[in-house]
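Values reported hereafter were calculated over all heavy atoms of this structure, with side chains retained and with hydrogens, waters and symmetry mates removed.
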Amino acid sequence: MSSLTILLQRTCLRFALLPVPPLRAPPPLRRPLGLPRRSAMSSSAASRLSHIAAAAASGGATGESTEPPAASASGLAQEDDDLSSAMMGYRLPPKEIQDIVDAPPLPVLSFSPSKDKILFLKRRALPPLSDLAKPEEKLAGVRIDGHSNTRSRMSFYTGIGIHKLMDDGTLGPEKVVHGYPEGARINFVTWSQDGRHLSFSIRVDEEDNTSGKLRLWIADVESGEARPLFKSPEIYLNAIFDSFVWVNNSTLLVCTIPLSRGAPPQKPSVPSGPKIQSNETSNVVQVRTFQDLLKDEYDANLFDYYATSQLVLASFDGTVKPIGPPAVYTSIDPSPDDKYLMISSIHRPYSYIVPCGRFPKKVELWTVDGEFIRELCDLPLAEDIPIATSSVRKGKRSIYWRPDKPATLYWVETQDGGDAKVEVSPRDIVYMENAEPINGEQPEILHKLDLRYAGTSWCDESLALVYESWYKTRKTRTWVISPDKKDVSPRILFDRSSEDVYSDPGSPMLRRTAMGTYVIAKVKKQDESTYILLNGMGATPEGNVPFLDLFDINTGSKERIWQSDKEKYYETVVALMSDKTDGELPLEKLKILTSKESKTENTQYYLQIWPEKKQVQITDFPHPYPQLASLYKEMIRYQRKDGVQLTATLYLPPGYDPSQDGPLPCLVWSYPGPTIPIIGEGEEEANDRYVEQLVTSAEAAVEEVVRRGVAHPDKIAVGGHSYGAFMTANLLAHAPHLFCCGIARSGAYNRTLTPFGFQNEDRTLWEATHTYVEMSPFMSANKIKKPILLIHGEQDNNSGTLTMQSDRFFNALKGHGALSRLVILPFESHGYSARESIMHVLWETDRWLQKYCLNGTSKTDSDSIADTENKTVSASGGGAPCEGPEAEGLSSMQRSLLW
């Protein structure tokens, strides 16, 4: 769970009460940098607002632009709080915030299979709104760019740099991959198994700004020279689902657009008949509120048109061989020995009530040359998966190759019909089987589980870890099994609650095998024991202290061989760098990659080299947001009145001293988690007391910051995104004494519109009518008296948070005279990505907080200011009411607020 965001500057305090969903953030650079074999990397959205707490002071008396509010060259107008102008066009926040948003993004890194080279994948800043405005088809839960025949709104890399990792740990000079068209958009960058070549897709926009189709390119790592893989200019990638994989060091299996495909089907001007759905068999079919579903036969035909691929084997020597018939292939997975292909596809009959992930699914086994061997399964349409969490699809699922064997499959099958409400033992059974069984061999039972299967980490014939979990009880178990030794019984290694983060032992680190797969790394010392490396986040009451343990798999004893420097830095283990393709790794030859950052220093990467544990810095990235480098951040802990321990992240302006400067305005950013937990005890469901627990958690948070003297009790705002927006609206309805205003982004406010469950609710509307109604702020719109800003993407594709949730909530608020504002962002989805949209959201947020938190009248309900102050202060332990911030000259302070 990432910590979050809100800042204030000398006039505003920053109190992030939970992790906040970003406006669509890029993957953190400290994610694993070495890609698993045959996995593709595609650039994520360039929004960096998940890192923005607010803009720091950078000069000027008020922070307002000195330019007139005319439209800029980008179509964005500068700040102007006149109500009429506030209703027109895209706006820009104060320059301090603009500078943070427009900071150039750092590159994404990827290590070669042998860990001797690093790719620096360059990215652009935020995309323009024109990118989002391109036409897209919404079919079966997938949004498609028909011009490029790929997922719409796909972000990309702008360039690839290659660095050698020298023996001393430093980086060699950058070698730029070259030869592709200028301005090309790069996706799906992958290494060949021997690390000598790269494969990636290229697309170039047409002159009319429509997307170009994707072509597959390869590059020589040594020279950096790139070229198209296919000689024919008519062969394009189909990247709706899978795109391509390496099957050996010179051959790729590619999903292509069939050469025989014509123009897309045309929508009939006159329908052939009514749209009909039937349940005359009286089946019980309960589904969540999915978006972008097929609506009719035309949609189904259009989905087939774009999603159908022809698989092609393409080699460096120019050989091109189509294999198999055209179909809607969803994944292509070569066996570790490259002799077989596991091919998954979906087929009709399709559904109008569930997305394509639940369509009929066929999994087949082919030779690498495309010859059919056998069918592994053909699963029927899955419209009837129960809504209870931990329910699954019937039949074989999670079918994978065993990474420590040349060609052995394993999978899991449910024994409860997929229904989490059915009590049965075992609940899941894990099987394994050779790709081509001999003499009628039957699948072998690997392990039986009473909870729901949650994955397997493989090592070798004597060791694998099998995971199971159960959402309702939060129970999670790890089993030790010996896959090929039948005389060794499985045993439980860890049995714990997933919510008990303090007891989390960590996850095993993996090494690369000679086949290019990844298995648990075994480590040897001087004794005869079997050791593995456990990489953990190290949760403590004082915050996370990541660690690396040498763990004896037989005795359970552990030795902490590395730990983050908790006094100054936050460090994490990113990858094992001393891969050994076979056998055990000597401890004295251990080498790991770590990330390291501090409150003032940007994330950098280091090699830690045993036995001396020598530390070598390998990157030197500039700080992307130097304005925020001196921001004060603290993990604070406090207690709810029922004894539940809570945590929050507190952000304060640089150099702020509450005893000298007095309390500040504060923004509380909410989302379910450690700060505002909703807990069920015994037979009680968590949501049965949702409002009560939400309010008491918020009261505890407010009381804590007031007690510390950092927040003015009458100038505390609340905000949130998605479920956090839902919480924000409920807090304004049920705890008006705590907050002066609110900001709710992309939320769901009427739970009767999600009647078959939501978030942590497994009961239907008809089973828990009172809970659905009480939890819905829409039903309490008449109670909301504090100013509330609603923001929503016009094309929200998240389950449950349809754009009409905000439309209808705003109408309900307006119908009761509530001070409210609704902002609908054209072309935006659940997370916001266009520069114009993000800048405007920040302008709206800054304006709202300036007007109704910093400078506005804080009381609009029947409670008096004195009454509320007395409540808050007395709850925090007494003392004189906090002085208002007016003495600090708030009206003349900079206007840079927040996120």
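- In this structure, CD on E206 lies 9.0 Å from NE2 on H147, to the nearest 0.5 angstrom.
- Rounding to the nearest 0.5 angstrom, the gap separating the OG atom in S344 from the CG atom in D242 is 9.5 Å.
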- Task: Walk me through it: do F230 and V320 pass the test side-chain contact (heavy atoms from CB on, under 4.5 Å)?
- Result: CA-CA 8 Å; F230 296 107; V320 176; 3.8 Å; yes
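- Heavy atoms only, all atoms of each residue included: R153 and Q795 are closest at NH2-OE1, 3.2 Å.
- Atom NZ of K394 has 12 or fewer neighbouring heavy atoms from other residues, nucleotides or ligands inside a 6.0 Å radius.
- Applying the 6.0 Å contact sphere to NZ of K361 captures no more than 12 heavy atoms from other residues, nucleotides or ligands.
- S152 and D145 are not linked by any side-chain donor-acceptor pair at a separation below 3.5 angstrom, with hydrogens and angles left out of the test.
- Shortest non-hydrogen contact noted between T603 and F621 is O-CD1, 3.7 Å.
- Interatomic distance, L198 CG to I186 CD1, rounded to the nearest 0.5 Å: 10.0 Å.
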- Decide yes or no on salt bridge (charged side-chain N to carboxylate O under 4.0 Å, His left out) for D131 and R124, but give the supporting numbers first. CA-CA 13 Å; D131 274 15; R124 68 171 179 178; 2.7 Å; yes
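- A side-chain N or O of D796 and one of T801 form a donor-acceptor pair less than 3.5 Å apart.
- Rounding to the nearest 0.5 Å places OG of S112 at 9.0 Å from CZ of R512.
- More than 12 heavy atoms of other shown residues, nucleotides or ligands fall within 6.0 angstrom of atom CD in E375.
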**Report entry** Test log, rule side chain to side chain donor-acceptor pair (under 3.5 Å), inputs T190 and S199
**Finding:** CA-CA 5 Å; T190 56; S199 57; 2.4 Å; yes
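- Checked by atom type, the side-chain pair Q291/K138 shows no donor-acceptor distance below 3.5 Å.
- Of the charged side-chain nitrogens involved, at least one lies within less than 4.0 Å of a carboxylate oxygen, so that D205 and K134 count as a salt-bridged pair.
- With a 4.5 Å cut-off on side-chain heavy atoms, F188 and L214 count as touching.
- Every side-chain hydrogen bond (donor to acceptor under 3.5 Å, both in side chains) that R261 has, sequence neighbours left out, goes to N149, Y305.
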- Determine, stepwise, if the pair D337 / K405 fulfils salt bridge (charged side-chain N to carboxylate O under 4.0 Å, His left out). CA-CA 8 Å; D337 64 1; K405 293 289 184 180; over 6 Å; no
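- For D220 and R227, the salt-bridge test fails: no basic side-chain N is under 4.0 Å from an acidic carboxylate O.
- The two residues E297 and Y352 come nearest to each other via the heavy atoms N-OH, 3.3 Å.
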Let me see the working for N797 and H830 under side-chain contact (heavy atoms from CB on, under 4.5 Å), right down to the final yes or no. CA-CA 6 Å; N797 64 344; H830 190 59; 4.1 Å; yes
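- Taking every heavy atom of both residues into account, V221 and G195 meet most closely at CG2-O, 3.6 Å.
- Ring geometry, F359 versus Y350: the interplanar angle falls under 30°, so the pair is classed parallel (tilted spans 30 to 60°).
- Taken to the nearest 0.5 Å, the CG atom of L121 stands 9.5 Å off from the OG1 atom of T158.
- You'll find the side chain of L253 reaches within 4.5 Å of the side chain of L311, heavy atoms only.
- The local environment of NZ in K164 is sparse, with at most 12 non-hydrogen atoms from other residues, nucleotides or ligands closer than 6.0 Å.
- Residues P258 and P326 approach most closely at CG-CB, 4.5 Å, considering heavy atoms.
- Separation of atoms OG (S335) and CZ (R402) is listed at 14.5 Å; rounding is to 0.5 Å.
- If you check the side chains of T754 and T289, you find no donor sitting under 3.5 Å from an acceptor.
- Relative ring orientation between W217 and F200 is described as parallel, the plane-to-plane angle staying below 30° on a 0-90° scale split at 30° and 60°.
- By the salt bridge (charged side-chain N to carboxylate O under 4.0 Å, His left out) test, E174 is found to be paired with K122, residues two or more places apart in sequence or in another chain being considered.
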What's the verdict on side chain to side chain donor-acceptor pair (under 3.5 Å) for R215 and Y236, showing C-alpha distance, side-chain angles and the deciding distance?
CA-CA 5 Å; R215 299 180 186 274; Y236 299 103; 3.1 Å; yes
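- In this structure, V101 and M839 have side chains that are in contact, with non-hydrogen atoms separated by less than 4.5 Å.
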Exercise. Evaluate the criterion salt bridge (charged side-chain N to carboxylate O under 4.0 Å, His left out) for residue pair D369 and K339; output intermediate values, then yes/no.
Key: CA-CA 8 Å; D369 294 322; K339 293 182 179 179; over 6 Å; no
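- T456 and Y400 share no donor-acceptor pair across their side chains, judged by distance under 3.5 Å alone.
- The side-chain contact (heavy atoms from CB on, under 4.5 Å) with L593 is formed by just one residue from the set L165, I118, V574; it is V574.
- Side-chain N/O atoms of R511 and Y518 include no donor and acceptor closer than 3.5 Å.
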#### Entry: Derivation and outcome, salt bridge (charged side-chain N to carboxylate O under 4.0 Å, His left out), residues K267 and D296
CA-CA 10 Å; K267 189 177 183 66; D296 50 31; 3.4 Å; yes
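- In R151, the CZ atom is crowded: over 12 heavy atoms of neighbouring residues, nucleotides or ligands sit closer than 6.0 Å.
- A donor-acceptor contact closer than 3.5 angstrom links the side chains of S114 and D116.
- Side-chain polar atoms of T408 and W401 form no donor-acceptor pair below 3.5 angstrom.
- Defined by atom type and a distance below 3.5 Å, a donor-acceptor pair is missing between the side-chain atoms of D333 and S331.
- Side-chain contact of Q310 with T256: a donor-acceptor pair under 3.5 Å is absent, judged by distance alone.
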- [ ] Apply ring-ring contact (aromatic ring centres under 6.0 Å, His included) to Y410 and W458, showing your working.
- [x] CA-CA 11 Å; Y410 71 99; W458 294 89; 5.0 Å; yes
Q: Check the pair F241, C255 against side-chain contact (heavy atoms from CB on, under 4.5 Å), reporting the backbone distance first and the verdict last.
A: CA-CA 9 Å; F241 293 108; C255 295; over 6 Å; no
Original post:
side-chain contact (heavy atoms from CB on, under 4.5 Å) between R143 and D292: does it pass, once the steps are laid out?
Top reply: CA-CA 8 Å; R143 294 188 172 183; D292 301 338; 2.7 Å; yes
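- Side-chain contact of T251 with W246: a donor-acceptor pair under 3.5 Å is absent, judged by distance alone.
- Applying the salt bridge (charged side-chain N to carboxylate O under 4.0 Å, His left out) criterion to K321, with sequence neighbours excluded, gives no partner residue.
- Closest of all the heavy-atom pairs between L293 and V354 is CD2-C, 3.5 Å.
- Looking at E794 and T803, their side chains never bring a donor and an acceptor atom within 3.5 Å of each other.
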